[in-house]
Amino acid sequence: MIDVIRTGITYLLIVLGTLIVTPAFIIIGWINPASPWMERFATFWSHLWLVGLNVRPEVEGVDRVDPSGSYIVVGNHQSNLDPVIHFLTLPVPLRFLSKKELYSVPVFGIAIKAFGMIKVDRDQPSMAYINKQVDKAVARGRSIIIYGEGTRSKTGELGPFKKGPFVIAIQTGLPIVPVAIEGTNAIWPPGAKMMHPGPVKLEIGEPIETTGLTLADVNDLRDRVRAWIAASLQRMAES
């Protein structure tokens with residue numbers, strides 16, 4: 001019964017928060033897209049996701065990242081809770097990749113465009129389409145987070161990584177920051193409606209420079225990042 005109540009409160013807070021931040025993003029984006037108020041509203045919205053569940057993530061490695069830098073953050077993906085936890089715990093302002101279909105949702109599509117999300121359009125297969133948006137976000141002091149598996153893990157287990165994040169990092173020259181998250185799958189697994197509060201751990205790795213790398217290095221870079229995340233997840237499971 002407690003989980004039912006917490007789940008209901010969380011859904012309500014998510015809806016109320018979205019109704020607040022959606023017009024805020026549109027207004028701020030119209031006035032000044034680089035405004036720090038974008039991040040403040042994103043943080044407020046993210047807190048609402050967790051307050052009802054009483055989830056307080058344990059974070060390690062925040063001091064490994066320069067808050068004034070811009071990065072391609074690559075992480076594993078266990079749950080819909082991951083993005084809000086990353087918003088709250090990483091010391092840099094983040095933008096995510098979003099499917100073009102979301103931009104067709106009335107009002108909400110305008111809001112995510114104003115917020116500066118990176119639009120992914122399968123009709124635009126060239127990486128140049130994404131890299132141009134990444135460069136624009138970086139010019140505003142943002143970092144980009146991309147989930148290595150490309151989708152949420154149904155079991156919570158780490159899946160194979162795609163090449164896309166590493167191609168973007170090499171082509172834009174941005175350092176990669178690996179991030180491992182553990183525990184969110186148990187709280188809210190893919191496809192589930194009910195949430196079950198529990199512990200969440202997150203570790204931020206040392207940035208990996210991509211300067212001087214070419215597309216011939218993509219596979220090695222991908223394997224290196226995935227190996228670090230796998231080792232981090234193992235450490236968290238054993239602690």
Side-chain angles (χ1 to χ4, degrees), residues 3-4 6-7 9-11 13-14 17-18 42-43 45-62 64-65 71-92 94-99 102 117-118 120 143-166 168-169 176-205 208 222-239:
D3 285 357
V4 172
R6 286 191 179 278
T7 299
I9 292 173
T10 300
Y11 280 130
L13 289 174
I14 290 171
T18 302
T43 298
W45 179 74
S46 299
H47 273 299
L48 293 180
W49 283 66
L50 301 186
V51 67
L53 295 171
N54 195 31
V55 171
R56 295 181 175 86
E58 297 179 24
V59 187
E60 181 182 346
V62 173
R64 296 170 182 166
V65 175
Y71 307 91
I72 298 295
V73 180
V74 179
N76 61 310
H77 198 7
Q78 294 191 344
S79 168
N80 278 335
L81 287 176
D82 297 346
V84 296
I85 291 175
H86 288 132
F87 267 132
L88 292 172
T89 56
L90 270 76
V92 290
L94 295 173
R95 296 298 181 266
F96 292 76
L97 271 61
S98 55
K99 297 178 181 179
L102 292 177
M117 298 294 253
I118 308 301
V120 178
S143 291
I144 312 300
I145 183 166
I146 308 174
Y147 295 115
E149 297 144 297
T151 188
R152 291 168 295 165
S153 168
K154 293 182 179 180
T155 63
E157 298 293 324
L158 185 65
F161 276 19
K162 298 182 180 300
K163 296 182 180 181
F166 310 98
I168 294 171
I176 290 177
V177 172
V179 175
I181 191 168
E182 175 61 37
T184 54
N185 183 270
I187 297 174
W188 193 12
K193 293 182 172 60
M194 186 68 64
M195 303 179 199
H196 305 279
V200 173
K201 296 180 180 180
L202 184 141
E203 184 178 4
I204 304 168
I208 301 170
R222 176 196 60 192
D223 295 345
R224 178 181 174 185
V225 171
R226 188 186 182 280
W228 184 91
I229 292 174
S232 178
L233 292 173
Q234 185 64 33
R235 289 193 297 271
M236 288 190 278
E238 295 173 351
S239 62

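- In terms of modelled atom types and a separation under 3.5 Å, the side chain of Gln78 and the main chain of Gly183 share a donor-acceptor contact.
- Aromatic ring centres of Phe87 and Phe96: separated by under 6.0 Å.
- In this structure, His86 and Leu94 have side chains that are in contact, with non-hydrogen atoms separated by less than 4.5 Å.
- Taking each heavy atom of Ile187 and Pro197 in turn, the nearest pair found is CG1-C, 4.3 Å.
- Here Trp45 contributes atom CH2 and Leu13 contributes atom CG; the two are 12.5 Å apart, rounded to the nearest 0.5 Å.
- Separation of atoms CD1 (Ile72) and CD1 (Ile145) is listed at 10.5 Å; rounding is to 0.5 Å.
- For the pair His196/Trp188, no side-chain contact is recorded, criterion being any heavy-atom separation below 4.5 Å from C-beta on.
- Counting only distance, with no hydrogens or angles, the side chain of Ser79 and the backbone of Asn185 share no donor-acceptor pair below 3.5 Å.
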Test log, rule side-chain contact (heavy atoms from CB on, under 4.5 Å), inputs Asn80 and Arg152: CA-CA 8 Å; Asn80 278 335; Arg152 291 168 295 165; 3.2 Å; yes
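- Taking the side chain as every heavy atom from C-beta outward, Asn54 and Arg6 approach each other to under 4.5 Å.
- Between Phe166 and Arg222, the shortest heavy-atom distance links the atoms CE1-CG, 3.5 Å.
- In this structure, CG on Leu53 lies 11.5 Å from OG1 on Thr184, to the nearest 0.5 angstrom.
- Between the side chain of Thr7 and the backbone N or O of Met195, at least one donor-acceptor pair lies under 3.5 Å.
- Taking the side chain as every heavy atom from C-beta outward, Val74 and Pro178 never approach each other to under 4.5 Å.
- The shortest distance between side-chain heavy atoms of Pro57 and Leu50 falls below 4.5 Å.
- Within the 3.5 Å criterion, the main-chain N or O of His77 finds a donor-acceptor partner in the side chain of Glu149.
- Checked by atom type and distance alone, the side chain of Arg226 pairs as donor or acceptor with a backbone atom of Leu158 at under 3.5 Å.
- By the 6.0 Å contact criterion, CZ on Arg56 is open, its count of non-hydrogen atoms from other residues, nucleotides or ligands being 12 or less.
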Please assess Thr10 against Trp49 for the test side chain to side chain donor-acceptor pair (under 3.5 Å), listing each intermediate value before the final yes or no. CA-CA 6 Å; Thr10 300; Trp49 283 66; over 6 Å; no
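- At a cut-off of 3.5 Å, with distance as the only test, a side-chain donor of Glu203 or Ser232 sits close to an acceptor on the other residue.
- Distance check, rounded to the nearest 0.5 Å: CH2 of Trp228 to CD1 of Ile208 gives 9.0 Å.
- Atom CD1 of Ile181 and atom CD1 of Ile85 lie 4.0 Å apart (nearest 0.5 Å).
- Here the shortest heavy-atom pairing between Val55 and Gly198 reads CG2-O, 4.0 Å.
- At distances below 3.5 Å, not a single donor-acceptor pair connects side-chain atoms of Asp3 with backbone N or O atoms of Met194.
- Residues Glu182 and Leu202 fail the side-chain proximity criterion, which asks for heavy atoms closer than 4.5 Å.
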Using the side-chain contact (heavy atoms from CB on, under 4.5 Å) rule, take Leu48 and Ile14 through it: C-alpha gap first, then chi angles, then the decisive distance, then the call. CA-CA 6 Å; Leu48 293 180; Ile14 290 171; over 6 Å; no
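- With contacts defined as side-chain heavy-atom distances shorter than 4.5 Å, the pair Leu90/Val65 does not qualify.
- In this structure, Val92 and Tyr71 approach most closely via the heavy-atom pair CG1-CE1, 4.1 Å.
- Residues Ser46 and Leu88 approach most closely at CB-CG, 3.6 Å, considering heavy atoms.
- In this structure, CE in Met117 is found 9.5 Å from CD1 in Ile144, a value given to the nearest 0.5 Å.
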